[in-house]
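In what follows, a structure is listed as structure tokens, so that the remarks can point back to it.
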Amino acid sequence: MFTKKQYIENLISKPVNYTCTHLADHVDGMRHDAINDHLRRGKVTARALRLAEGLIENQPEAYFIVDDSVQKKPHVRIIELVKRQYSGNTHGVVKGIGVVNLVRSVDLDFYPIEFRLHAPSADRLTKNEHFRDLLRRAYQAKGIEADTILFDSWCGSAENLKFVHRLNTIFVTMVNENRLVSLQPGDGYFHLQQLEWSPQQLRFGRTVKLKEVPFNMQLFKMVAPNGDIDWMITNRSPGSIDTEVVQQENKWRLRSEQLYRELKQLTGIKKCQCRKQRAQRTHIACCHQAWFSLKVVSKKLKTTLYQVRNSLWSEYLRLQLSQPRISAYHPT
């Protein structure tokens with residue numbers, strides 16, 4: 001009988017080819033359709049994964065990071081959950097499976113807490129609804145603490161900002177330049193880029209009110225050396241932080257990108273070719289568990305996940321170099 005444990009260990013140990021057929025070829029007496037059937041009948045879900053709770057120190061001095069990624073599948077035709085959607089990595093529309101992740105970060109360490117697949121055709125939920133549900137479950141159902149939430153502009157809607165503010169937490173997020181703000185009650189609303197900034201305001205931000213949001217926030221204008229402008233807002237009190245702190249926290253948000261990169265390069269999260277959505281969901285959940293397996297070992301050895309993974313083939317490489325099964329060809 002094929003087990004979830006075997007499938008996860010397969011994800012950890014393979015450098016390439018994550019298909020059910022390839023796995024079946026390396027398990028005695030196993031057929032590839034039995035593995036496919038196991039994935040389709042699997043009970044592994046994003047909600048059921050509670051892998052981080054035993055590994056984190058549950059103190060409030062931490063960040064929650066909410067971000068999304070797209071597991072690109074540009075050449076597939078008949079895999080459920082695959083749809084055309086915007087990818088921030090490629091800055092365009094691609095075919096793939098959307099994933100919304102909640103990550104908790106302290107110092108240089110981070111762990112995924114939970115994730116959701118963006119599949120409106122299956123569950124009729126938007127990414128913004130996943131955003132709120134992930135945070136609600138983390139704080140209320142799981143009791144995990146983090147006093148600051150970082151997220152990108154895609155989830156900076158008025159409803160999301162009000163929801164996070166009601167959680168009595170701090171948020172720091174980017175906003176698009178087409179958002180409307182007001183400086184004083186009764187002044188009316190205008191676009192962000194219409195604001196004039198003094199040197200003092202560029203350093204410490206300025207108090208504004210976003211349209212449809214009932215509380216004041218601090219707005220920061222971040223000007224890059226090439227002239228690009230990012231707009232950041234936070235519900236911190238006026239004068240409590242400056243632009244340098246906001247820039248650092250915005251960089252901290254990119255830790256989620258490291259998680260996506262490791263899931264892609266070390267667990268084959270994009271490589272499953274099963275057609276049914278249940279099989280894809282099980283595969284992605286198992287990939288997260290494979291990531292945790294590598295993370296635990298890397299923490300113990302005080303090394304990276306990549307070094308842990310590469311060490312699996314060190315003994316094989318030494319053997320092949322000393323006693324190669326295929327010798328180099330030398331023409332006579």
Side-chain angles (χ1 to χ4, degrees), residues 3-23 25-27 35 38-39 42 44-46 48-52 54-56 65 67-74 76 79 81 87-90 94 96-117 253-274 279-318:
T3 65
K4 181 186 77 169
K5 181 175 181 291
Q6 285 177 289
Y7 189 76
I8 293 171
E9 290 169 349
N10 160 70
L11 297 175
I12 295 170
S13 59
K14 277 188 176 178
V16 293
N17 199 332
Y18 295 86
T19 63
C20 295
T21 302
H22 190 265
L23 173 55
D25 289 341
H26 294 82
V27 179
I35 300 172
H38 171 79
L39 293 177
V44 186
T45 65
L49 286 177
R50 300 180 68 94
L51 302 174
L55 301 173
I56 62 176
I65 305 168
D67 203 1
D68 68 329
S69 67
V70 179
Q71 310 305 323
K72 291 185 286 186
K73 297 182 180 289
V76 303
I79 292 181
L81 298 182
S87 169
N89 188 38
T90 58
V94 299
I97 299 175
V99 182
V100 183
N101 247 311
L102 176 64
V103 179
R104 187 177 185 274
S105 179
V106 179
D107 296 329
L108 298 177
D109 208 7
F110 64 91
Y111 291 94
I113 301 300
E114 200 170 328
F115 69 92
R116 293 284 186 275
L117 299 190
R253 180 178 57 84
L254 299 180
R255 294 214 170 274
S256 60
E257 299 294 334
Q258 182 178 343
L259 170 65
Y260 301 146
R261 185 166 57 251
E262 290 171 348
L263 283 168
K264 180 180 70 174
Q265 296 175 354
L266 301 178
T267 73
I269 193 170
K270 294 172 31 176
K271 299 298 180 65
C272 180
Q273 297 301 312
C274 296
Q280 288 289 339
R281 291 178 185 273
T282 301
H283 168 77
I284 292 174
C286 285
C287 286
H288 280 76
Q289 194 158 347
W291 182 92
F292 271 97
S293 303
L294 293 168
K295 179 74 170 183
V296 168
V297 177
S298 72
K299 289 277 288 184
K300 181 179 180 180
L301 299 179
K302 298 182 179 180
T303 185
T304 68
L305 275 71
Y306 291 92
Q307 290 171 314
V308 171
R309 179 80 179 288
N310 291 338
S311 68
L312 298 177
W313 305 301
S314 295
E315 184 177 347
Y316 165 79
L317 181 57
R318 291 190 184 97

Exercise: identify the closest heavy-atom pair between [X] and [Y]:
{"X": "Ile113", "Y": "Ala52", "result": "CD1-CB, 3.8 Å"}
{"X": "Cys272", "Y": "Ile79", "result": "O-CD1, 4.2 Å"}
{"X": "Lys73", "Y": "Gln280", "result": "CE-OE1, 3.9 Å"}
{"X": "Cys274", "Y": "Leu39", "result": "SG-CD1, 3.7 Å"}
{"X": "Ser256", "Y": "Asp67", "result": "OG-OD2, 2.9 Å"}
{"X": "Ile8", "Y": "Ser293", "result": "CG2-OG, 4.3 Å"}

Given the options Leu55, Val308, Asp109, Leu51, Lys295 meets side chain to side chain contact (heavy atoms under 4.5 Å, CB included) only with Asp109
Distance check, rounded to the nearest 0.5 Å: [X] atom [atom1] versus [Y] atom [atom2]?
{"X": "Lys271", "Y": "Gln71", "atom1": "NZ", "atom2": "CD", "result": "11.5 Å"}
{"X": "Leu259", "Y": "Ser69", "atom1": "CG", "atom2": "OG", "result": "8.0 Å"}
{"X": "Thr304", "Y": "Gln258", "atom1": "OG1", "atom2": "CD", "result": "9.5 Å"}

Is the shortest heavy-atom distance from the side chain of [X] to the side chain of [Y] under 4.5 Å?
{"X": "Pro74", "Y": "Val94", "value": "no"}
{"X": "Arg281", "Y": "Leu81", "value": "yes"}
{"X": "Ile269", "Y": "Trp291", "value": "no"}
{"X": "Tyr260", "Y": "Asn101", "value": "yes"}
{"X": "Lys300", "Y": "Val297", "value": "no"}
{"X": "Ile97", "Y": "Lys72", "value": "no"}
{"X": "Arg116", "Y": "Val99", "value": "no"}
{"X": "Ile56", "Y": "Val106", "value": "no"}

For Leu263 and Ile284: C-alpha separation, side-chain torsions, deciding distance, then whether side-chain contact (heavy atoms from CB on, under 4.5 Å) applies. CA-CA 9 Å; Leu263 283 168; Ile284 292 174; over 6 Å; no
Is the ring pair Phe292/Tyr111 parallel, tilted or perpendicular, if the boundaries are 30 and 60 degrees?
parallel
- Is Arg255 paired with Glu257 through a side-chain N to carboxylate O contact shorter than 4.0 Å? no
- Message: Test your reading of the model: is there a side-chain donor-acceptor pair from Asn10 to the backbone of Gln6, 3.5 Å cut-off?
- Response: no
Look only at the side chain of His283 and the backbone of Gly268, and say whether a donor-acceptor pair between them is shorter than 3.5 Å. yes
Derivation and outcome, salt bridge (Lys or Arg N to Asp or Glu O under 4.0 Å), residues Glu9 and Lys5
CA-CA 6 Å; Glu9 290 169 349; Lys5 181 175 181 291; 2.6 Å; yes
Determine whether Gln265 and Tyr306 satisfy the following criterion, side chain to side chain donor-acceptor pair (under 3.5 Å), listing intermediate values before the conclusion. CA-CA 9 Å; Gln265 296 175 354; Tyr306 291 92; 2.6 Å; yes
